[in-house]
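Beneath this line is the structure, given in structure tokens, with notes to follow.
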Amino acid sequence: MTTMTTMTPAAGTAAPADGTAATATTGPARPVTDAGHRFPTAAEVPGRAGDLLASLGERAVLCDLYDAVGAPVYHDLAGTGTHEVRELLALVRPAPGPVLDLAAGSGRLTLPLLALGREVTALELSPHMLELLDARLAALPPAARERCSPVRADMSRFDLGRRFGAIVLGTTTISLLDPAGRAGLYRAVRDHLEPGGRFLLSTVELTAAEAGPAEVDMEIVTDSGRSYRLFEHWTPDAGSRTVTLFPAALDGDGPVQVCTTTIGVLPAERLEAELADAGFTVRSRHPLPAVGDRHHDVLLETEATR
């Protein structure tokens with residue numbers, strides 16, 4: 001069914017974004033957004049991305065990748081390529097029963113899971129992402145559309161009153177949560193997994209990432225034909241990375257939409273230790289194809305064993 005359920009966000013999480021873009025300014029750090037990560041001020045954007053942002057002056061309109069302005073940009077980028085999708089689907093196939101897609105976004109994993117013929121619950125906190133997901137579901141055949149249940153909730157604390165054969169959390173989204181949020185996530189996942197069910201999640205392989213440069217500057221052309229200039233600034237000892245997106249062409253003198261976000265870096269070794277402490281056993285470990293110079297990720301297949 002496609003009727004969306006709304007759950008109360010967990011205590012301590014931020015209120016939903018108001019959907020307006022923020023003009024690039026200096027000043028105190030912005031609070032965590034409803035996506036659970038930090039939206040930096042213009043002055044906090046590091047490296048060459050910060051220099052380019054400053055050069056735009058008042059033309060720059062700074063937005064978060066999960067607000068009303070940035071969510072379509074994130075959706076456009078996420079729809080390009082199939083990083084980890086094939087590997088994740090291969091692990092879901094042997095696990096019978098419904099699937100819970102955590103931090104589902106606009107449906108990057110939800111739609112392929114529906115294509116497997118599964119019943120899918122798509123849990124997402126950002127209302128802007130859920131609007132994009134609803135639009136994509138509306139374009140599906142009725143039989144597929146009716147197998148999806150979107151739910152607005154916080155992945156660090158949710159109670160759906162049912163269990164799933166597999167729970168998935170892709171695109172290294174685990175790094176959006178702080179230690180307390182991750183502890184809440186592990187508890188909620190244990191409570192929602194069928195006996196023998198699988199929790200599948202990806203994170204960063206830090207040993208490979210350490211060999212890369214501090215900042216990567218690349219141009220990306222999406223399946224929609226739009227072009228972006230993407231900067232990723234990441235020094236592993238800082239514990240976080242900042243991703244900033246500009247239009248590839250900065251011609252003219254009108255406003256320029258710039259999307260940015262700062263998220264944590266959770267190395268696979270630390271994640272595996274946390275999972276073990278939370279009662280999960282890693283059943284298999286799957287290195288994922290690299291995306292650019294810094295994206296060396298690993299997909300973990302885990303089972304709640306205590």
Side-chain angles (χ1 to χ4, degrees), residues 2-10 13-45 49 53 56 58-80 101-111 122-139 148 150-156 170-171 173 176-177 220 222-231 242-250 254-263:
T2 57
T3 301
M4 187 182 75
T5 301
T6 300
M7 296 176 63
T8 302
T13 59
D18 62 6
T20 58
T23 303
T25 59
T26 59
R30 287 178 175 82
V32 173
T33 68
D34 61 336
H37 56 281
R38 192 167 66 81
F39 176 28
T41 66
E44 293 175 315
V45 175
L53 182 62
L56 292 171
E58 293 184 357
R59 293 180 60 199
V61 179
L62 201 61
C63 65
D64 181 78
L65 274 173
Y66 278 76
D67 67 19
V69 178
V73 175
Y74 182 89
H75 167 70
D76 194 28
L77 290 169
T80 300
D101 183 10
L102 295 175
S106 60
R108 180 175 181 269
L109 297 176
T110 303
L111 269 63
L123 185 148
E124 170 61 47
L125 185 55
S126 168
H128 314 298
M129 287 294 178
L130 283 168
E131 288 175 6
L132 292 168
L133 174 59
D134 286 343
R136 298 186 75 188
L137 291 174
C148 186
V151 176
R152 182 168 182 240
D154 188 328
M155 65 176 169
S156 69
T171 58
T173 307
L176 294 178
L177 298 175
I220 298 175
T222 66
D223 291 344
S224 70
R226 297 184 182 91
S227 298
Y228 303 92
R229 188 175 177 189
L230 183 148
F231 294 86
T242 299
V243 176
T244 308
L245 282 151
F246 297 80
L250 298 176
V256 177
Q257 177 184 309
V258 182
C259 297
T260 188
T261 188
T262 296
I263 58 176

Discussion item. On a heavy-atom basis, which atom in Asp154 and which in Leu123 lie closest, and how many Å separate them?
Written reply: C-CD2, 4.2 Å
Practice prompt. Could you go through the side chain to side chain contact (heavy atoms under 4.5 Å, CB included) check for Asp64 and Thr261 one step at a time?
Written response: CA-CA 6 Å; Asp64 181 78; Thr261 188; 4.0 Å; yes
Practice prompt. Mind checking the CD-CG spacing from Glu124 to Leu102? Nearest 0.5 Å is all I need.
Written response: 10.0 Å
Discussion item. Using side-chain heavy atoms (C-beta onward) and a distance below 4.5 Å, is Leu53 in contact with Leu62?
Written reply: yes
Item to complete: Check Leu177 against Ser156 and note the closest heavy-atom contact, atom names and distance.
Response: CD2-CB, 4.2 Å
Practice prompt. List the steps, then state whether side chain to side chain contact (heavy atoms under 4.5 Å, CB included) holds for Tyr228 with Leu77.
Written response: CA-CA 9 Å; Tyr228 303 92; Leu77 290 169; 3.9 Å; yes
Worksheet entry | Side-chain donor/acceptor of Glu131 to backbone N/O of His128, under 3.5 Å | no
Worksheet item: Any side-chain heavy atom of Pro150 sitting closer than 4.5 Å to one from Asp134?
Response: yes
Worksheet item: Which atoms form the tightest heavy-atom contact between Pro40 and Val45, and what is the distance?
Response: CG-CG2, 4.4 Å
Discussion item. To the closest 0.5 Å, what do you measure between CG (Asp67) and SG (Cys259)?
Written reply: 7.0 Å
Discussion item. Within the structure provided, determine whether Leu125 and Met155 are in side-chain contact (heavy-atom separation under 4.5 Å).
Written reply: no
Practice prompt. State, to 0.1 Å, how close Thr110 and Ala122 come at their nearest heavy-atom pair, and which atoms those are.
Written response: OG1-CB, 3.8 Å
Worksheet item: Between the side chain of Arg59 and the main-chain N/O of Pro255, is any donor-acceptor distance below 3.5 Å?
Response: no
Discussion item. Minimum heavy-atom separation for Pro247 and Gln257, please, with both atom names.
Written reply: CD-O, 3.3 Å
Worksheet item: Do Leu230 and Val243 come close enough that some side-chain heavy atom pair is under 4.5 Å?
Response: yes
Worksheet item: Can you check whether Thr260 reaches Leu245 side chain to side chain, under 4.5 Å on heavy atoms?
Response: no
Worksheet item: Can you find a pair of side-chain heavy atoms, one from Leu111 and one from Leu133, that are under 4.5 Å apart?
Response: yes
Worksheet item: If you look at every heavy atom in Leu65 and Tyr74, which pair is closest and at what distance?
Response: O-CB, 3.6 Å
